[in-house]
Amino acid sequence: MRIVYDCDVLVIGGGIVGLSTAYAITRAAPGTRVTVLEKEQGPARHQTGRNSGVIHSGIYYRPGSLKARYAVRGAAEMVKFCAEYGIAHAVTGKLIVATDKAELPRLHGLVQRGRENGIPVRELGPAQIAEYEPEVRGLAAIHVGTTGICDFVAVARQLGESSGAEIRYGADVVRVDRRPGRGAAVLTADGAVVRGRVLVNCAGLHCDELARLAGDDPEMRIVPFRGEYYTLARPELVHGLVYPVPDPAFPFLGVHLTRGIDGGVHIGPNAVPALAREGYGWGVVRPRELGATLAWPGAWRIARRHWRYGAGELRRSLSKPAFTDAVRRLLPAVTPDDLVPAAAGVRAQAVLRDGTLVDDFLIREGPRTVHVLNAPSPAATASLPIGREVARRALGALAGA
Ligand SMILES: Cc1cc2nc3c(=O)[nH]c(=O)nc-3n(C[C@H](O)[C@H](O)[C@H](O)COP(=O)(O)OP(=O)(O)OC[C@H]3O[C@@H](n4cnc5c(N)ncnc54)[C@H](O)[C@@H]3O)c2cc1C
C-alpha cells in the first residue's frame, strides 16, 4: 500500500532547538516539507522562554566537546542572527567572581579553559572588579568579553517564520507509530494523525518519553531540575552579568546576577528537584511523572551522591533569608526586601542509569528518527549549530528513506 506522507520531516517540539532544526533543514535542502508539532499555543513556552537569556561564551566547557564547539560558534552566530532580524541583543561581557580562597584554583582553571576554547579573558583583582561592578565583592575575577544577552523567544519565533515550515500549535503528540521501512505516524491529543518520512524529537523536558513512544530505548531519563529566580528591586546595584565560580560536580552555573535585555536584573537560578516535568513551583506535582523519575535508578544515585548540596539548595528555595545570604557573598548590599519572586524555569537534564548527569549535548538516531536527548544550557546559545547537526542527520535519514 502506498503511504501518503504529510511531510518529509516531522519535528516534535517548538522550542528553540526544534525551530532551529526546521530552519536548518529548509536552508540546507530547500523544498523539503517540514512540519513542527508543538503542544502549546505558541513557540518557546518552556525552557526557551524561561531561562537567563544569556548568550554564553563557551568558557566553561571541555575543549573539543559539542558544548564547547557549538557554544563558541553559536554565540557569534546568535549575535549575527539577532542583528540581521532586528532582535534585541547586546554583547555585554561578564564577570566570574571568586569570593572564597578555595575557589581561586578553579577560577584559574577557567582562565586556561577559556584560552583553550579561544575566548578572550582578562584576570581582575578586587579593585578592577569594583571598576565594573562597584557593589560586587570578590577576591579575584575574570572578565569574559564575548558573553551577551538576547531575547531567545524572539529568536525561536523568527527561526520558525524564516524556516517556512508548517507549525501546528496545540498539537500534543500522544502516540507514535513507526513500522520497519516506513516513516512515522503520530497521533495528537485532539485526534489528528500526521505522517512524516523522518521523525525528529526535540521535545525538551519530554524527549525521553517521546523516544520511548517511538519504540527506541534512550538509555537515559530526564530528571527535571527547577531553577528559581528573583528580580532585584534595586537594579542599580548591578551593572551587567556577574557569575560565581561554578561547582565542577554539577552542570549548573550557580546563582548569578543578570541584567537582562529588558533592563531588569534577575537573580538565580538555583537547582531543586521539580515534582513535575513542567513543575514551575512546589505546588505543581504530577504523580505519574514523579513516579517515573523515582523509578529510575540514576535519580536515587544522584540523590545519594549529592544530598548535602541538595539539602542546601532546598533550604535556599524554601527560605528567602537563606537565599539572600547566599547572594550576599557576591552582592553584600542585598536584603530580603530587594528580592521579588519571578518566573521559574525547569532544566531538562539527562541522567544515565548509573546516576551520571550527562554533561555534553546528546543526539541519538533510531530508524528514520533523530532524538535530541540532552540539550540543557548552553543549548539556546548553541541552537544554530545544534539545529544544523540535527538537520544533517535528518536529511541523511531522508536520503536513505
Ligand atoms: C533556568 C534555566 C536557565 C537557562 N539559562 C540559559 C542561558 O542563559 N543561556 C542558554 O544558552 N541556555 C540557557 N538555558 C538552557 C536553554 O533554555 C535550553 O537549553 C533550550 O531552551 C532548550 O531548547 P529546547 O527546544 O530543547 O527545549 P524547550 O524550549 O523546552 O522546547 C521543547 C518543546 O517541546 C514541546 N513538547 C514537549 N512534548 C511535546 C509533545 N508530546 N508534543 C508536542 N510538543 C511537545 C514543549 O511544549 C516545548 O515547547 C537555561 C535553561 C533553564 C531551564
Side-chain angles (χ1 to χ4, degrees), residues 10-22 36-58 60 67 70-71 74-75 78 94 147-150 152-153 155-156 159-160 167-176 186-190 194 200-211 213-214 222 224-229 241 243 251-253 255-256 258 260-261 266 268-272 274 277-278 280 342-350 361-363 371-384 386-387 390:
L10 185 54
V11 179
I12 302 173
I16 202 165
V17 173
L19 294 169
S20 173
T21 298
V36 180
L37 301 181
E38 166 54 51
K39 67 182 169 66
E40 304 297 345
Q41 296 301 330
R45 298 276 167 95
H46 293 288
Q47 296 177 92
T48 304
R50 291 169 163 272
N51 61 33
S52 299
V54 173
I55 304 177
H56 286 298
S57 62
Y60 299 106
K67 274 190 177 175
Y70 290 179
M78 186 56 67
K94 84 167 181 184
T147 305
I149 48 176
C150 77
F152 284 127
V153 175
V155 170
L159 285 166
I167 306 175
R168 295 195 198 174
Y169 293 112
D172 184 1
V173 175
V174 291
R175 248 180 67 189
V176 179
V186 310
L187 175 70
T188 59
D190 57 5
V194 188
V200 175
N201 165 12
C202 298
L205 286 154
H206 298 277
C207 64
D208 55 336
E209 294 174 339
L210 257 301
L213 281 182
I222 291 298
F225 284 95
R226 186 171 58 252
E228 295 157 333
Y229 288 94
L241 275 56
Y243 280 64
F252 313 131
L253 300 180
V255 167
H256 42 265
T258 313
I261 205 69
H266 310 287
N270 55 3
V272 291
R277 302 229 172 183
E278 293 161 10
Y280 296 114
V346 178
R347 308 166 179 87
Q349 175 61 50
F361 299 140
L362 180 63
I363 305 169
H371 300 289
V372 178
L373 297 177
N374 197 49
S377 186
T381 300
S383 52
L384 289 164
I386 294 176
V390 180

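Indexing begins at 1, ligand by ligand and atom by atom, following the structure's order. In what follows, residues are counted from 1 in the order of the sequence shown.
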Geometry only, no angles: is Ala375 polar-contacting ligand 1 at N/O separations under 3.5 Å? yes
His206 N/O under 3.5 Å from ligand 1 N/O: no
Approximate separation, where rounding is to 0.5 Å, of His266 NE2 and Ile149 CD1: 9.0 Å
Any N/O of Ile16 closer than 3.5 Å to an N/O of ligand 1? yes
Atom 8 (O) of ligand 1: which protein heavy atom is closest, and how many Å away? Val54 N, 3.1 Å
Ser52 versus ligand 1: do any nitrogen or oxygen atoms come within less than 3.5 Å of each other? yes
Closest protein heavy atom (residue, atom, distance) for atom 24 (P) of ligand 1: Val17 CG2, 3.8 Å
Return the residue, atom name and 0.1 Å-rounded distance of the protein heavy atom closest to atom 37 (C) of ligand 1. Ala203 O, 3.3 Å
Using heavy atoms and a 4.0 Å limit, tell me yes or no: is Phe225 in contact with ligand 1? no
Against ligand 1, does Ala171 come closer than 4.0 Å with any heavy atom? yes
Of the protein's non-hydrogen atoms, which lies at the shortest distance from atom 47 (O) of ligand 1, and what is that distance? Glu38 OE2, 2.7 Å
The single option from Arg277, His206, Glu40 passing side chain to side chain donor-acceptor pair (under 3.5 Å) against His46: Glu40
In this structure, atom 17 (O) of ligand 1 is nearest to the protein heavy atom Asn51 ND2, 2.9 Å
For ligand 1, note which part of Ile12 has a heavy atom under 4.0 Å away: side chain, backbone, both or neither. side chain
Ligand 1 to Ala44 polar contact by distance, N or O atoms, under 3.5 Å: no
Taking only non-hydrogen atoms of Asp172, do any sit less than 4.0 angstrom from ligand 1? yes
Atom 14 (N) of ligand 1: closest protein heavy atom, distance to 0.1 Å, is Ser377 CB, 3.6 Å
Note: Thr48, heavy atoms under 4.0 Å from ligand 1, region reported as both
Could an N or O of ligand 1 be found under 3.5 Å from any N or O of Gln47, whether backbone or side chain? yes
